[in-house]
Amino acid sequence: MFGLALFGVGVAMLIDADLGAAPWDVFHQGVAERIGWAVGSVIVVTGLVLLVLWVPLRQRPGVGTLLNALEIGTVVNLTLPIIPDLDGLVARVGLMLGGIVIIALGSGFYIGAGIGPGPRDGLMLGLRDRGLSVRSARTLIEVSVLVLGILLGGTAGVGTVAFAVTIGPLVHIFLPRLTLEPRQA
């Protein structure tokens, strides 16, 4: 739960920096703009809808999957109003970079707990199990939601590129250090 909370805070920081959100959050922003909901609420509903898509892909959710679907968006909704609006570019870049690092750290905690992939990751894994490589599945999903998010009015920019380029290496650093050993039966 701590990792998911960190993830939500990082998402809120990246959105508030207004330099471009992560691809899924560009989508969430676009949907929120169109329907007039809070971004975090769209994150929750999107996560729950994605779980329905798991059924034909024969993916099984874990406790962490459900917590992911519910907690990250809730934390975004709670955090966005308390992050101060920053006008200076240097401060906004710092907020953006800090958000990316916090998302990576949160990812290390929640993935390392081993209690179920997030709804978006499960979709990727389901496509992998149907013959696509992880790289192809992830790329297809990320590019699709990014393009759709832009078309809906989400904010893409340098933050989107920074996220795409740095999130993998950062999670690669944090995940091994935060992964729990499986319990012996």
Side-chain angles (χ1 to χ4, degrees), residues 1 3-15 20-32 37-77 99-100 102-152 154-156 159-172 174-175:
M1 290 186 73
L4 294 170
L6 284 177
F7 196 104
V9 169
V11 167
M13 291 169 66
L14 200 54
I15 288 171
W24 272 103
D25 296 316
V26 172
F27 171 76
H28 298 136
Q29 281 182 310
V31 172
W37 287 10
V39 173
S41 300
V42 173
I43 292 171
V44 170
V45 170
T46 300
L48 295 173
V49 168
L50 289 173
L51 291 179
V52 173
L53 296 177
W54 282 31
V55 174
L57 296 173
R58 296 189 183 117
Q59 294 297 299
R60 293 183 180 205
V63 173
T65 307
L66 299 174
L67 287 171
N68 181 303
L70 299 171
E71 185 177 345
I72 292 173
T74 302
V75 171
V76 169
N77 279 348
I100 293 170
I102 289 174
I103 289 170
L105 184 61
S107 295
F109 274 109
Y110 95 78
I111 296 169
I115 57 175
R120 292 146 190 86
D121 293 328
L123 184 61
M124 172 196 67
L125 295 172
L127 292 173
R128 177 208 58 198
D129 293 346
R130 300 296 168 280
L132 284 177
S133 68
V134 168
R135 180 185 337 193
S136 296
R138 190 59 177 231
T139 302
L140 174 68
I141 293 167
E142 296 288 330
V143 169
S144 297
V145 297
L146 176 60
V147 169
L148 188 54
I150 291 168
L151 293 173
L152 292 170
T155 305
T160 310
V161 174
F163 181 88
V165 171
T166 62
I167 196 65
L170 287 170
V171 171
H172 181 79
F174 291 127
L175 184 58

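Computed from heavy atoms alone, side chains included, the values below leave out hydrogens, waters and symmetry copies.
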Contacts of Phe109 that satisfy ring-ring contact (aromatic ring centres under 6.0 Å, His included) - sequence neighbours left out: Phe2
Val45 side chain near Trp37 side chain, heavy-atom distance below 4.5 Å: yes
Closest approach of Ala69 to Pro119 (non-hydrogen atoms, all atoms of both residues): CB-CG, 3.8 Å
Ile43 and Asp25, any side-chain heavy atoms less than 4.5 Å apart: yes
Set of residues satisfying salt bridge (charged side-chain N to carboxylate O under 4.0 Å, His left out) with respect to Arg120, sequence neighbours excluded: none
Rounded distance [0.5 Å steps], OH in Tyr110 versus CG in Asn68: 4.5 Å
For the student: nearest non-hydrogen atoms of Leu6 and Ile102, plus distance: O-CG2, 3.0 Å
Evaluation steps, side chain to side chain contact (heavy atoms under 4.5 Å, CB included), between Ser136 and Leu140: CA-CA 6 Å; Ser136 296; Leu140 174 68; over 6 Å; no
Residue pairs, two or more places apart or on separate chains, that pass side chain to side chain donor-acceptor pair (under 3.5 Å) and touch residues 52-66: Gln59-Asp129
Between CE on residue Met13 and CD1 on residue Ile100, distance to nearest 0.5 Å: 10.0 Å
Leu175 CG to Leu170 CG distance, which is reported to the nearest 0.5 Å: 12.0 Å
Residue list, side chain to side chain donor-acceptor pair (under 3.5 Å) with Ser41, at least two apart or on another chain: Asn77
All salt bridge (charged side-chain N to carboxylate O under 4.0 Å, His left out) counterparts of Glu142, not counting sequence neighbours: Arg138
Interatomic spacing from CD1 in Ile141 to CG in Asp121 - rounded to 0.5 Å: 8.5 Å
Pro117 and Leu125, any side-chain heavy atoms less than 4.5 Å apart: yes
Closest approach of Ala156 to Leu146 (non-hydrogen atoms, all atoms of both residues): CB-CD1, 4.1 Å
Where Val26 and Ala21 come nearest, the two heavy atoms and their spacing: CG2-O, 3.4 Å
Side chain to side chain contact (heavy atoms under 4.5 Å, CB included) evaluation trace for Leu51 with Leu66: CA-CA 9 Å; Leu51 291 179; Leu66 299 174; 3.7 Å; yes
Test side-chain contact (heavy atoms from CB on, under 4.5 Å) applied to Val31 and Leu152, Leu148, Val39, the passing residue: Leu152
Exam field: side chain Arg128 to backbone Ala137, donor-acceptor pair closer than 3.5 Å: no
Spacing of Thr46 atom OG1 and Leu50 atom CG [to the nearest 0.5 Å]: 6.5 Å
Which atom of Val42 lies closest to which atom of His28, heavy atoms considered: CG1-O, 3.7 Å
Separation of Phe7 CZ from Ile103 CD1 (nearest 0.5 Å): 5.5 Å
For the student: nearest non-hydrogen atoms of Val44 and Gly73, plus distance: CG2-CA, 3.8 Å
Within-4.5 Å side-chain heavy-atom neighbours: Ile150 and Phe27: no
Side-chain donor/acceptor of Glu71 to backbone N/O of Leu4, under 3.5 Å: no
Qualifying side chain to side chain donor-acceptor pair (under 3.5 Å) pairs, either residue in residues 161-170, two or more places apart: none
